[in-house]
Amino acid sequence: MKFTDGYWLVRKGYEIQNPAEIRDIVTDDASMTVYAATHRIEHKGDTLNGALLKATYSSPMPNVIQVRLNHHKGRVHQGPNFEIHTLPTEVDITVDEDVAVLKSGDLSVRVDRGKSWDVGFYVEDRKVTGSGHRGPGYITDPQDQPFFREQLELGIGEYVYGLGERFTPFVKNGQVVDIWNEDGGTSSEQAYKNIPFYLSNKGYGVFVNHPEKVSYEIASENVSKVQFSVSGESLEYFIIGGANPKEVLDNYTKLTGKPALPPAWTFGLWLTTSFTTDYDEATVNHFVDGMAERDLPLSVFHFDCFWMKEYQWCDFQWDQDMFPDPEGMLQRLKAKGLKICAWINPYIAEKSILFDEGMENGYLVKTADGGVWQWDMWQAGMGLVDFTNPAAVVWYQDKLKVLVDQGVDCFKTDFGERIPTHVVYHDGSDPLKMHNYYTHLYNKAVFDVLEEKLGKNEAALFARSATAGGQQFPVHWGGDCSSTYESMAESLRGGLSLGLSGFGFWSHDISGFELTAAPDVYKRWVQFGLLSSHSRLHGNESYRVPWLFDEESVDVVRSFTKLKCSLMPYLYPSAVESSVKGLPMMRAMVLEFPQDPTCATLDLQYMLGDSILVAPIFNKEGNVQYYVPEGKWTNLLTNESVSGGRWVNEHHDFTTLPVLVKPNTLLAIGHENSRPDYDYADQVALHLFELGEGQQARTFIVNTSGEEELTVTASRKDSVITVKAEGAVKPWSIVLRGIHEAVQVEEGSSQSGEQGVIITPASSGQQELTIHLG
């Protein structure tokens, strides 16, 4: 939201009061409060009839500084509020004649006590941003409505990322962003998942602690500042430090919540009925059996909206005309090795048998006159479950428990963005704040049911909307995209932005939701989709099984589904890392290579985990241009070497694409390629890529509960590679990728392989061997 007219003038009808002179600084053991007049004070009379703005600095955990800017604090503050996690923190506060400093870990805030407002934030002795002259502002508009803003400095060459799943350009500089959840598809500035957190390539993050609309002007209203503003008398934000962008995300997710670890089975291929297609049990079996007949590994089958009867969403009852024996059908599908997902939303249509029950018991959001809020958008006469009412939460959850007992393993929690603002909530929550926050309560209610019924690390959603903290309830998918290369690219931008907003797991509708993709788009999107954290074939008006596109599509789906299953010994430890450190599995290049300036703006490629670079292909011709960081990388699919520190141009048919393994990598590949959940340590093949002199490569193998079972380290000195496998009790092997010369092995044997020499320990469960290169 803009308040100025160019750099010098204020917009007509607006008044801005900025801190102009520090009048006092008050400290206690944990905080420092700065009082500032909004004009110069020359004599005592100047202290009358003017505002006194307050800035309070504190720290909820090491390397995080909380800033509270306040005008009048006596106003009523209605919830909801984001849940903020705290850790024991020692702060160091010093105040002298020139400067006041509050330090937490390696992060500090320094308030200059000179003539103008000058606040700097430092990581160690390096200033990362600051709030200067005319930065903070208490503002009234022409209707005398109050706003508070802050402007933080942007350095030369500094880029801003994140702010949720945004489909606009990946680097947010120059953009106006409103944090307001909307159902806008993937082709506009609107977003399903708006997160008031941004990450800077300068090595810090900023989280605005307001669930209501936060308006950002990112190098737009003022080209050297990031401005954020909210309505009201106060503004609160956190500066989040770290030694690098990964540590910043770790600290941010410590503050707002770590992602849960999804079950291993969720990483396989999902197939759905699609949205408005006609289907019954016979149709479902036709597709499931067709996948099996073509040797296409399938892990999850999803029933979209019309598993319930039209006009009755949600009544949580199977359409008896289409599914007369739902319990039997689900058990028959599960006997084929499938998990089951069912679509739901938080709305109750008037025709649903649950509407009267919800209305009579106060389970639905109300209007100001005490009636039930209703509209006809989406479902005729639908109401909205009031998740601020504990009894309504239990009521809604009880309906889901019946489905879990029938055999449903997870839920697609669709919608959650179309939330009205002129309504009344059971607990008195501010409806403007609830617009974004509603989805958090909705997804939490569903996730909690699954955890209760199935156990910890067995709960998974397929959620469309989110706000800050929503990363705790994975998985999220990108919403309604079109069946074009352009939409494939905008989906990737959205996923990378969400990943830099604290979300570890993300998916998208392979080949697009709207309309039906051309076969080439389908095949290229399949490659991208099966090299994403989660992979789902889903659409709107047509089925997405590959044989409906062409026979080559069947081969592509088979090849890349099996590739992903075989990579699970690598991928699942990465998922564990995401749950522990808050890192995305699909990582923007800048996250892994923050010191490489070329990586700062890349949004057509990504790292899958920390060791595999993926460059999807966005054209029919199969041409791709991508950037490779320094080092000698290896294409996992072709075994070809690629020298880094440069841009590369290649051509690929539909069987390959750039999937490069970085040097000094020990990549775990499993013995199983038909399912994602198996014993990853058993018969694991550890592929060693370009281990340099004096270098070490290490990998961890976990089980399907996320518990570490095996740690393997390969170290090289001269022409000798020493491999140690701590915890090994099952058979394992080493593959020296790209090395075909004869080698000598102590305590093992070698044989030539297509991808390189294969080393087998002399005994099962052996924990060390030595390799002498020729």
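These numbers were taken from a predicted model, which means no experiment stands behind them.
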Side-chain donor-acceptor contact under 3.5 Å, Ser231 with Gln145: no
Flag for Glu150-Ser131: side-chain donor and acceptor within less than 3.5 Å: yes
Sequence neighbours excluded, which residues qualify as side-chain contact (heavy atoms from CB on, under 4.5 Å) partners of Gln17? Glu15, Thr38, Ala51, Tyr138
Take the angle between the ring planes of Phe207 and Tyr252 and call it parallel below 30°, perpendicular above 60°, tilted in between. perpendicular
Taking Glu21 first and then Arg23, would you say they form a salt bridge - that is, a charged N and a carboxylate O separated by under 4.0 Å? yes
With a 6.0 Å cut-off (strictly less than), is the heavy-atom count around CD1 of Ile156, excluding the residue itself, greater than 12? no
Under 3.5 Å, is there a donor-acceptor pair between the Thr253 and Lys258 side chains? yes
Assess Arg464 against Phe415: is NZ or CZ under 6.0 Å from the centre of the six-membered ring, and within 45 degrees of the ring's axis? yes
Look at Glu217 together with Arg149 and state whether they make a salt bridge at an N to O cut-off of under 4.0 Å. no
Have Asn181 and Arg418 got a donor and an acceptor in their side chains that come within less than 3.5 Å? no
Residue Lys581 excluded, over 12 heavy atoms near NZ under 6.0 Å: no
Go through the side-chain N and O atoms of Glu490 and Ser487 and say whether any donor and acceptor fall under 3.5 Å apart. yes
Going from CD1 on Ile41 to CD1 on Ile22, what distance comes out if it is rounded to the nearest 0.5 angstrom? 13.0 Å
Using a 6.0 Å cut-off, check whether atom OH of Tyr159 has over 12 heavy atoms from anything other than its own residue. no
Pick out which of Phe503, Phe447, Phe505, Trp506 makes a ring-ring contact (aromatic ring centres under 6.0 Å, His included) with His476. Phe503
Cation-pi check, Arg110 to Phe121: give yes when NZ or CZ is under 6.0 Å from the six-membered ring centre and within 45° of the ring axis, no otherwise. no
Scan for side chain to side chain donor-acceptor pair (under 3.5 Å) pairs involving residues 47-57, sequence neighbours excluded, and state none if there are none. Thr33-Thr56
Where do Asp118 and Ser116 land on the side-chain hydrogen bond (donor to acceptor under 3.5 Å, both in side chains) test, with the steps shown first? CA-CA 6 Å; Asp118 185 4; Ser116 62; 6.0 Å; no
Any side-chain donor paired with an acceptor under 3.5 Å for His508 and Ser532? yes
Do you see a donor-acceptor pair shorter than 3.5 Å between the side chains of Asn222 and Ser224? yes
Taking only Lys NZ, Arg NE, NH1 and NH2, and the carboxylate oxygens of Asp or Glu, determine whether Glu577 and Arg587 approach each other closer than 4.0 Å. yes
Thr168 and Gln175 side chains, donor-acceptor separation under 3.5 Å: yes
Looking only at side chains, do Asn209 and Glu236 share a donor and an acceptor under 3.5 Å apart? yes
Distance only, no hydrogens: is a donor on one side chain within 3.5 Å (strictly under) of an acceptor on the other, for Tyr627 and Asp596? yes
Indicate yes or no: does Glu97 engage Arg113 in a salt bridge with an N to O separation below 4.0 Å. no
Provide the closest heavy-atom pair for Met32 versus Ile93 in the form atom of the first, atom of the second, distance. SD-CG2, 4.3 Å
